[in-house]
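Lettering follows sequence order; numbering is per chain, from 1.
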Number of protein chains: 2
Amino acid sequence: MSDIPEEYLPLIAHVQKRVSFSDTEIRTFIEAFQVKKIKKRQFIIQPDFVATHRNYVVKGALRGYTVADGGQENTIQFAIEDWWISDYNSYIYQKPATMFVMALEDSVLLQIDHRAEEQLKQSGQKFETFFRIMGERSTAYMQRRIIRNLTLNAEERYEEFIKNYPLIAQRVPQYTLASYLGMTTESLSRIRNKRVHKKS
Amino acid sequence: MSDIPEEYLPLIAHVQKRVSFSDTEIRTFIEAFQVKKIKKRQFIIQPDFVATHRNYVVKGALRGYTVADGGQENTIQFAIEDWWISDYNSYIYQKPATMFVMALEDSVLLQIDHRAEEQLKQSGQKFETFFRIMGERSTAYMQRRIIRNLTLNAEERYEEFIKNYPLIAQRVPQYTLASYLGMTTESLSRIRNKRVHKKS
DNA sequence: AAAAACTGTTGATATGGGTCATGGCAAAAG
DNA sequence: CTTTTGCCATGACCCATATCAACAGTTTTT
């Protein structure tokens with residue numbers, strides 16, 4: 001296992017935390033992925049094109065968002081190290097995307113394309129299991145987000161976010177976070193300002 | 001296959017639409033499920049108890065919701081015939097639920113418990129595949145909902161809902177739909193009223 | 001069959017967060 | 001080093017939706 005490029009090591013650790021693969025399986029698994037380096041502001045997914053890949057973040061930060069008719073941007077997902085990102089409605093059904101996915105920083109990704117993923121899953125039950133677990137957990141994750149969005153007001157949503165994802169909050173531009181939380185930049189700015197004064 | 005109780009037939013059709021199972025596999029699959037009949041207003045999941053089952057609706061209608069501190073109810077999910085429902089954060093991780101799941105009508109369910117589901121998935125790749133597809137699709141479904149909730153205003157959210165799920169809209173109490181759409185009963189009532197007058 | 005509880009409607013009023021406008025600062029571009 | 005651009009802050013004002021209240025029809029309970 002010593003000849004594996006270092007970009008793959010985080011993904012191997014990620015996988016081993018969720019399923020137990022033999023060395024051969026690990027090798028087969030990571031061979032389905034290619035290293036992709038992208039620059040800040042580069043897009044890996046755009047509306048009307050099919051999302052060809054599922055992306056694992058080795059290094060960097062990305063943002064998935066939609067743009068409404070009026071031009072308003074809404075952040076659907078962030079991804080930093082050890083997260084996955086894609087437009088799942090596009091990737092899973094292999095139909096045109098509705099989201100942009102853009103790098104917020106220079107980033108290093110591991111990409112698997114849809115075809116390779118299908119082959120991998122068919123080639124062994126454990127691979128299938130891994131992707132099943134991914135699906136389950138992202139369903140649970142999304143359900144939590146839906147609950148928070150319905151239940152909490154703007155300030156509480158922000159509080160929850162920095163409690164749960166402090167690393168992301170520090171790293172992404174505030175307007176992207178605002179649109180993830182379903183509020184305007186101005187509102188988020190005021191909320192943050194209020195907190196600063198309260199704490200003193 | 002003729003000795004299978006009729007409650008199972010919709011589930012068999014449901015499964016065959018997503019994966020192709022042999023007769024033996026179908027039999028193994030449905031044997032993991034029990035028929036459960038519940039009365040209107042009966043709960044199948046409650047906060048602080050672990051959600052033991054994943055539930056397929058053969059007949060009837062159910063509603064998953066949370067109750068906030070102030071007593072405000074928020075509908076997370078509806079399920080009618082041919083839908084699945086559970087508190088996935090509870091079921092998948094086998095930890096205490098935060099949701100109620102209650103029958104809106106007398107209903108017939110097919111339930112699989114967590115233990116049986118795990119066994120089933122380990123007993124054959126195709127079963128794993130089925131649950132993997134479920135997970136993928138519900139992730140995609142939830143992502144669509146998140147996008148709509150961030151993007152649309154109250155009236156548009158309602159329009160989208162009746163366009164996508166007309167059968168559910170007809171069948172559930174309006175205050176449950178309002179809380180699903182993230183608005184008050186009063187607002188939904190006004191939106192509906194406005195539509196009626198516009199149409200004429 | 002009367003009472004109670006539940007559900008939906010409508011009106012009056014309030015407010016959280018949006019919109020618009022301006023300015024400042026830091027980083028990138030030239 | 002200067003200019004431009006991107007990001008954030010702040011103030012004034014506004015609007016979509018919430019809140020509160022009263023009522024009516026319907027369903028459930030007794």
Side-chain angles (χ1 to χ4, degrees), chain A residues 39-42 61 63 65 67-75 78 100 102-106 148-162 168-200, chain B residues 39-42 61 63 65 67-75 78 100 102-106 148-162 168-198:
Chain A
K39 289 275 170 204
K40 185 169 174 173
R41 283 196 199 96
Q42 192 173 333
R63 168 185 177 231
Y65 63 99
V67 179
D69 292 343
Q72 194 200 120
E73 297 183 2
N74 286 100
T75 300
F78 290 115
F100 292 91
M102 190 184 82
L104 293 169
E105 309 172 359
D106 292 355
R148 284 197 296 258
N149 283 180
L150 284 175
T151 308
L152 307 177
N153 66 24
E155 187 167 351
E156 292 164 339
R157 291 198 300 278
Y158 175 67
E159 296 286 351
E160 274 287 301
F161 190 88
I162 56 171
I168 296 181
Q170 284 167 19
R171 217 159 140 184
V172 302
Q174 234 157 83
Y175 71 91
T176 66
L177 179 52
S179 77
Y180 178 93
L181 295 172
M183 67 182 84
T184 58
T185 322
E186 293 96 326
S187 291
L188 181 53
S189 175
R190 283 184 253 266
I191 287 168
R192 288 175 57 106
N193 194 262
K194 199 159 81 182
R195 279 167 51 81
V196 172
H197 292 115
K198 215 185 284 176
K199 288 250 162 135
S200 61
Chain B
K39 289 274 172 206
K40 186 171 176 173
R41 280 193 203 100
Q42 192 174 333
R63 168 187 178 228
Y65 63 99
V67 179
D69 293 344
Q72 193 200 120
E73 297 183 2
N74 285 100
T75 301
F78 291 114
F100 292 91
M102 190 184 82
L104 293 169
E105 309 171 358
D106 293 355
R148 284 197 296 258
N149 282 180
L150 285 175
T151 308
L152 306 177
N153 66 25
E155 188 167 351
E156 292 164 338
R157 291 198 300 278
Y158 174 67
E159 296 285 351
E160 274 287 301
F161 190 88
I162 56 171
I168 296 181
Q170 284 168 19
R171 217 160 142 184
V172 303
Q174 236 157 82
Y175 71 92
T176 67
L177 178 52
S179 77
Y180 178 94
L181 295 172
M183 66 182 85
T184 59
T185 323
E186 293 95 326
S187 292
L188 182 52
S189 176
R190 284 185 252 267
I191 286 168
R192 288 175 58 107
N193 195 262
K194 199 160 79 181
R195 278 168 50 82
V196 171
H197 291 115
K198 214 184 288 176

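As rounded to whole Å, 17 Å separates atom P of dG17(C) from atom CE of Met183(B). For the pair Arg41(B) CZ and dT28(D) C1', the computed distance is 7 Å after rounding to whole Å. When the C1' atom of dT9(C) is taken as reference, atom OH of Tyr175(B) falls 16 Å away, rounded to whole Å. Taking atom CD1 of Ile191(B) as the reference point, atom P of dT17(D) lies 7 Å away to the nearest angstrom. Put simply, NZ on Lys194(B) is 16 Å from C1' on dG11(C), counting in whole angstrom units. Distance Glu73(A) CD to dG6(D) P: 12 Å, rounded to the nearest Å. For Leu181(A) and dG18(C), the CG to P distance is 11 Å, given to the nearest whole Å. Taking atom CG of residue Asn153(B) and atom C1' of nucleotide dG16(C), one finds them 16 Å apart after rounding to whole Å.
Taking only side-chain nitrogens and oxygens, Lys40(B) comes nearer than 4.0 Å to OP1 or OP2 of dT28(D). OP1 or OP2 of dG18(C) lies within a sub-4.0 Å distance of a side-chain N or O belonging to Thr184(A). Contact check, Gln174(A) against dG6(D): no side-chain N or O comes under 4.0 Å of OP1 or OP2. Remark: Gln72(A) is not in phosphate contact with dG18(C), judged by side-chain N or O atoms under 4.0 Å from OP1 or OP2. The phosphate of dG17(C) (OP1 or OP2) has no side-chain N or O of Ser187(A) nearer than 4.0 angstrom.
Between the side chain of Glu156(B) and the main chain of Asn153(B), a donor-acceptor pair closer than 3.5 Å is present. Under a 3.5 Å cut-off, the side chain of Ser179(B) and the backbone N or O of Thr75(B) do form a donor-acceptor pair. At distances below 3.5 Å, not a single donor-acceptor pair connects side-chain atoms of Arg148(B) with backbone N or O atoms of Glu160(B). No donor-acceptor pair under 3.5 Å is formed between the side chain of Arg63(B) and the backbone N or O of Thr176(B).
Between the side chain of Arg190(A) and the base of dG16(C) there is no donor-acceptor pair of N/O atoms closer than 3.5 Å. Residue-to-nucleotide contacts include no donor-acceptor pair under 3.5 Å from the side chain of Glu186(A) to the base of dC8(D).
Backbone-only engagement by Gly182(B) is indicated by non-hydrogen atom pairs under 4.0 Å involving sugar-phosphate atoms exclusively.
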*Could you go step by step and tell me if Lys39(B) and Asp106(B) meet the salt bridge (charged side-chain N to carboxylate O under 4.0 Å, His left out) rule?*
CA-CA 4 Å; Lys39(B) 289 274 172 206; Asp106(B) 293 355; 3.7 Å; yes
